[in-house]
Amino acid sequence: MAIKIEMLRCFTMVAQHGSLSKAADALGRTPSAVSMMLKQLEDHVGSALFETARKSRLTPIGALIYAEARREVAHFENTVSVIEGLSRSELGYLRLAVTPSVASAILPPVIYAFMQKYPNIQLDLRDMDSVSIAHEMARERADIGIGTLSQIDGMQRTKLFSDAFGVVCRKDHPLADRSDQLTWHDVGNHVLIANGLCKLITDPDFAPVLEKSRLMVPNSASLLGLVRQGVGITVLPRLAITGLQDGIVFLPLADMTARRTVHVVSRPMNVLMPAAQEFLKLINDMVRDGSLAFDT
């Protein structure tokens, strides 16, 4: 008969308590059941583990086996604890790949609520452009992706929000004094700093404006730094500058078709780790109850 973890558990409890009855009480089993487990272990070893029937002193071989058994039982119980923690989302990790604007404007309250509920989960948040997010998701290097994403094979995609593009410029820029909504013609009269999101704008009137641009800056922090310096203006979705409007303004465009749509992408729920499942549920719950709102 192979050695089972229950044999080792019974043996270590008897050794610790010095009697069958006390070990049985600690294990919630009958003394006869503990005695049977102990005998099975001794039969397998081929030697007595205790010097007397009172179980108060280990034999030399019993002492050696006890040291190994105690480590094995502790390791097994720790493994069970980790497995149960993972199933309850109390332990584990979650890898998020999101666009910078989502990371700064949308996720902070979600992550705060998530970490309050699951403080033992390790969370890895990386901000990147949507192309890189799709790359990470396709190679299973992220559990959840949030950005302007096309359908990825084997993934489920859900719309999170949509926001309008507008002109972003310094507060003292001539366009900031305009009381009416701007047109692409107005934008074309100024230095445009292009960015990766410009390709989402399909209005044909924007194409010649973008073609004239001689400066392309994909990084949001660098882009807004150049705008604040007065190098030029740029075009971004409204939520891309939420919380970053020190010295700059967002000006609506007359063309309301210029919008970006942000999706949440993940593998199907039934194959996601529990932590990822709970994160998606939390986002949906917060959207439903209004605690996660989008000023678009």
Check your understanding: Is the closest side-chain donor-acceptor distance between S130 and R260 under 3.5 Å?
Key -> no
Practice item. Indicate the atoms forming the closest heavy-atom contact of R259 with A164, along with that distance. Key: NH1-CB, 3.6 Å
Exercise for review: Measure the shortest side-chain to side-chain distance between V187 and T183 over non-hydrogen atoms and say whether it is less than 4.5 angstrom.
Suggested key: no
Check your understanding: Listed by chain and number, what are the ring pair (Phe, Tyr, Trp, His ring centres under 6.0 Å) partners of F50, not counting sequence neighbours?
Key -> F11
Review point. More than 12 heavy atoms of other residues, nucleotides or ligands under 6.0 Å from CG of D153: is that the case?
Key: no
Exercise for review: With sequence neighbours excluded, tell me which residues meet salt bridge (charged side-chain N to carboxylate O under 4.0 Å, His left out) with D285.
Suggested key: R288
Check your understanding: Between R214 (side chain) and K212 (backbone), is there a donor-acceptor pair under 3.5 Å?
Key -> yes
Practice item. Please report the shortest heavy-atom distance between P237 and L197, naming the atom on each side. Key: CD-CD1, 3.4 Å
Exercise for review: Could you grab the distance from atom CZ of F114 to atom CG of L94, nearest 0.5 Å is fine?
Suggested key: 5.5 Å
Practice item. Give the minimum heavy-atom separation between V110 and L282, together with the two atoms involved. Key: O-CD2, 3.5 Å
Study note, to complete from the structure: So salt bridge (Lys or Arg N to Asp or Glu O under 4.0 Å) across residues 32-45, not counting sequence neighbours, yields K39-D43
Exercise for review: Determine yes or no for a side-chain-to-main-chain donor-acceptor pair under 3.5 angstrom, with T12 supplying the side chain and R9 the backbone.
Suggested key: yes
Revision key, fill the gap. Value for CD1 (I193) from OG (S213), rounded to nearest 0.5 Å, stands at 8.0 Å
Could you go through residues 67-76 and list every donor-acceptor pair under 3.5 Å that involves a side-chain atom there, pairing it with any protein atom two or more places apart or in another chain?
| from | atom 1 | to | atom 2 | distance (Å) |
| --- | --- | --- | --- | --- |
| E68 | OE1 | R71 | NH2 | 3.3 |
| E68 | OE2 | R71 | NH2 | 2.5 |

Exercise for review: For E136, check salt bridge (charged side-chain N to carboxylate O under 4.0 Å, His left out) against everything at least two apart and list the hits.
Suggested key: R126, R141
Practice item. Output every pair passing salt bridge (Lys or Arg N to Asp or Glu O under 4.0 Å) with a member in residues 174-200, not counting sequence neighbours, ordered by first then second residue. Key: R178-D180, R178-D186
Review point. Who else is in the cluster with V191 when I, L, V, M, F, W and Y are joined by side-chain contacts under 4.5 Å?
Key: none
Study note, to complete from the structure: The complete set of salt bridge (Lys or Arg N to Asp or Glu O under 4.0 Å) pairs with one or both residues in residues 100-115, sequence neighbours excluded, reads none
Revision key, fill the gap. Nearest heavy-atom approach of V264 to I146 is CG2-CG1, 4.2 Å
Check your understanding: Can you find a pair of side-chain heavy atoms, one from V217 and one from L226, that are under 4.5 Å apart?
Key -> yes
Point to revise | For M216, the rest of its hydrophobic cluster, which grows through side-chain links under 4.5 angstrom | key: none
Review point. Going by side-chain heavy atoms closer than 4.5 Å, which hydrophobic residues are tied to Y112, directly or by a chain of links?
Key: none
**Study point:** Residues in side-chain hydrogen bond (donor to acceptor under 3.5 Å, both in side chains) contact with R267, at least two apart in sequence or another chain
**Key:** none
Check your understanding: Which pairs pass ring-ring contact (aromatic ring centres under 6.0 Å, His included) with one or both residues in residues 177-214, sequence neighbours excluded?
Key -> H173-H190, W184-F206
Review point. Would D143 and R95 pass as an ion pair if we require N to O under 4.0 Å?
Key: yes
